[in-house]
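For reference, the structure discussed in these notes is given below.
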Amino acid sequence: MAKQKNVFFCKECGYEASKWMGQCPACKSWDTFVEEKPLNTAEKRRGTAFLTEPEPLAKINTTENNRITTGLQEMDRVLGGGIVIGSLVLVGGDPGIGKSTLLLQICRELTDKMHRVLYISGEESLQQIKMRADRLGVFRGDLLLLSETNLDNIEEIIRKDKPEIVVIDSIQTMYKEDIGAAPGSVSQVRETTGVLMHLAKGLDISIFIVGHVTKEGVVAGPRVLEHMVDTVLYFEGEDKASYRILRAVKNRFGSTNEIGVFEMQDQGLREVLNPSEFMLQGKPEGEPGSVVAASMEGTRPILVEVQALVCQTNFNMPRRTAAGTDYNRVNLLMAVLEKRVGIQMSGMDAYVNVAGGMKINEPALDLAIVLALLSSYRNLALDEHTICFGEIGLTGEIRGVGMAEQRVMEAEKMGFHTCILPKTNADNIKKSGMKLIGVKNIKELNRLFN
Ligand code: TYD
Ligand code: MG
């Protein structure tokens with residue numbers, strides 16, 4: 001018999017090739033090929049097929065109650081209204097961001113509501129999980145714990161115990177014996193996820209899979225994993241900031257625009273039900289260079305503070321930085337200011353920062369960035385009860401943005417009373433308790449300071 005040759009997989013997208021390549025032909029990333037043992041055909045075939053008969057669409061029953069609410073509002077919103085029974089959810093994120101903590105808290109809420117939950121950890125011993133649980137507070141329900149990495153054993157236990165919800169922490173530690181590769185390798189991650197998918201769909205169990213993100217910003221064997229699961233959630237946050245954002249990047253059962261906001265505290269994660277209030281904590285009052293913007297995250301308006309500092313440069317080339325927003329966008333907006341308003345920005349250093357550590361790439365933030373730059377340049381503060389939003393074009397025109405009404409309503413709720421917004425948006429808002437200042441061109445912005 002001919003010796004079985006090893007194959008090469010792309011770590012990023014799972015592309016399979018018979019020889020090593022510098023660049024992956026499928027996802028175009030460089031230096032991502034790793035050598036692994038090939039899967040034999042029987043294993044391959046078991047991947048996706050379900051052994052059932054075709055059924056007419058009309059005969060398939062869907063019950064109304066096919067979602068389980070977790071009790072954490074932020075989580076339910078991101079999932080699209082609770083956990084869909086029989087769904088496979090991937091929770092990705094950097095190591096140490098709080099994935100295990102989040103899932104353990106969900107387990108607590110679920111067991112409180114008398115659901116049967118099994119938490120399987122391949123990373124921590126039972127004692128360590130218990131220590132974390134103690135830190136989170138009282139667990140009233142009966143949460144089943146298992147410390148195991150062999151997926152064959154896990155499969156057997158799941159089939160025997162039939163829990164409603166299973167957590168696998170993390171997929172990179174799980175392995176199947178008959179696959180020669182090491183845990184965390186592309187073939188292991190792919191095969192183990194395949195088995196879990198089968199269990200989820202076959203037994204109507206909802207399974208959460210934790211996946212660590214590698215340096216490149218993707219879960220190892222990631223796109224393979226992403227298209228196998230129903231929902232992909234990313235848990236992200238700044239290193240220093242305590243808040244965490246849960247974001248859906250794929251959701252077969254809901255929108256991918258929603259975010260959930262949490263704060264990491266000593267006793268676990270706390271839901272932040274009013275992110276605007278959280279983001280505006282510590283905002284200076286009446287200071288030049290500080291402006292509040294109304295931004296949208298999905299269907300949810302969030303007010304954030306945009307800060308700018310403009311000062312004479314000491315270098316040949318002025319320094320510019322942008323934290324929490326797009327650097328190139330800031331440069332572009334400065335060029336527009338220079339050309340259309342006639343402000344000499346080329347001799348100026350400029351630092352722009354979205355306070356609180358949020359990352360916002362929405363064009364509606366443009367107006368806030370420009371106002372903050374102008375405010376700092378002229379050393380004049382904007383009225384502190386003012387918010388703004390609007391997109392700015394290259395000719396200096398201020399263009400309308402979506403969901404203007406929601407933004408204005410959020411600002412009103414948070415106690416602001418003036419809103420600077422695109423003229424087209426202002427004309428469309430019929431009734432508002434706020435004073436609306438519609439602007440058409442950035443030339444008009446100068447008169448807002450005095
Ligand atoms: P963890 O959930 O272990 O991260 P992951 O599973 O994503 O790797 O979170 C670990 C971090 O969270 C750690 O730095 C400590 C911090 N933490 C708290 O601040 N408060 C808490 O109550 C807990 C349990 C963890
Ligand atoms: Mg963990």
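Just so you know, ligand 1 is whichever comes first in the structure, and atom 1 is the first atom listed for that ligand. The chain is numbered in sequence order, starting from 1.
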Response to the item:
With heavy atoms and a 4.0 Å threshold, my read on which part of K99 contacts ligand 1 is both
Worksheet item: Do any nitrogen or oxygen atoms of G98 come within less than 3.5 Å of a nitrogen or oxygen of ligand 1?
Response: yes
Worksheet entry | Polar side-chain atom of E109 near backbone of I106 as donor-acceptor pair, under 3.5 Å | no
Worksheet item: For E410 and N274, which heavy atoms make the closest approach, and how far apart are they?
Response: OE2-OD1, 4.2 Å
Worksheet item: Closest non-hydrogen protein atom to atom 1 (P) of ligand 1, residue and atom name please, with distance?
Response: R132 NH1, 3.4 Å
Worksheet, complete the sentence: Atoms of ligand 1 under 4.0 Å from any heavy atom of D266, numbered from 1 in the order shown, are 20 (N), 21 (C), 22 (O)
Discussion item. Can you report which non-hydrogen protein atom sits closest to atom 2 (O) of ligand 1, along with the distance?
Written reply: T101 OG1, 2.6 Å
Practice prompt. Answer yes or no: is there a donor N or O on one side and an acceptor on the other, between the side chain of S376 and the main chain of V310, under 3.5 Å?
Written response: yes
Discussion item. Donor-acceptor pair, distance only, cut-off 3.5 Å: does the side chain of R407 make one with the backbone of L421?
Written reply: no
Response to the item:
among protein heavy atoms, the one nearest atom 22 (O) of ligand 1 is G268 N, 2.6 Å
Worksheet item: Which residue supplies the protein heavy atom nearest to atom 6 (O) of ligand 1, what is that atom called, and how far is it?
Response: S100 OG, 2.6 Å
Worksheet item: Between the main-chain N or O of I120 and the side-chain N or O of E148, is there a donor-acceptor pair closer than 3.5 Å?
Response: no
Worksheet item: At a 4.0 Å threshold, what atoms of ligand 1 neighbour a non-hydrogen atom of Q267?
Response: 22 (O)
Response to the item:
Near Q265 (heavy-atom distance under 4.0 Å), the atoms of ligand 1 are 18 (C), 19 (O), 20 (N), 21 (C), 22 (O)
Discussion item. For the 3.5 Å polar cut-off, considering only N or O atoms, please tell me whether L136 and ligand 1 meet it.
Written reply: no
Worksheet item: Between E124 (side chain) and I129 (backbone), is there a donor-acceptor pair under 3.5 Å?
Response: no
Worksheet item: Would R319 and D349 count as a salt bridge (Lys or Arg N to Asp or Glu O under 4.0 Å) if you check the C-alpha gap in whole Å, the side-chain angles of each, and the deciding distance to 0.1 Å?
Response: CA-CA 5 Å; R319 258 179 80 84; D349 286 341; 5.8 Å; no
Worksheet item: Run the salt bridge (Lys or Arg N to Asp or Glu O under 4.0 Å) check on E123 and R132 step by step: do they pass?
Response: CA-CA 13 Å; E123 301 195 334; R132 185 197 300 269; over 6 Å; no
Worksheet item: Is any N or O atom of G96, backbone or side chain, closer than 3.5 Å to an N or O atom of ligand 1?
Response: yes
Fill in: Contact check: S100 to the Mg ion (ligand 2), N/O/S below 2.8 Å
yes
Practice prompt. Write out the residue and atom name of the closest protein heavy atom to atom 16 (C) of ligand 1, then the distance separating them to 0.1 Å.
Written response: M264 CE, 4.0 Å
Worksheet item: Can you check whether P363's main-chain N or O pairs, donor with acceptor, with E391's side chain at less than 3.5 Å?
Response: no
Item to complete: May I ask you to identify the nearest protein heavy atom to atom 25 (C) of ligand 1, giving residue, atom name and distance to one decimal place in Å?
Response: R135 NH1, 3.8 Å
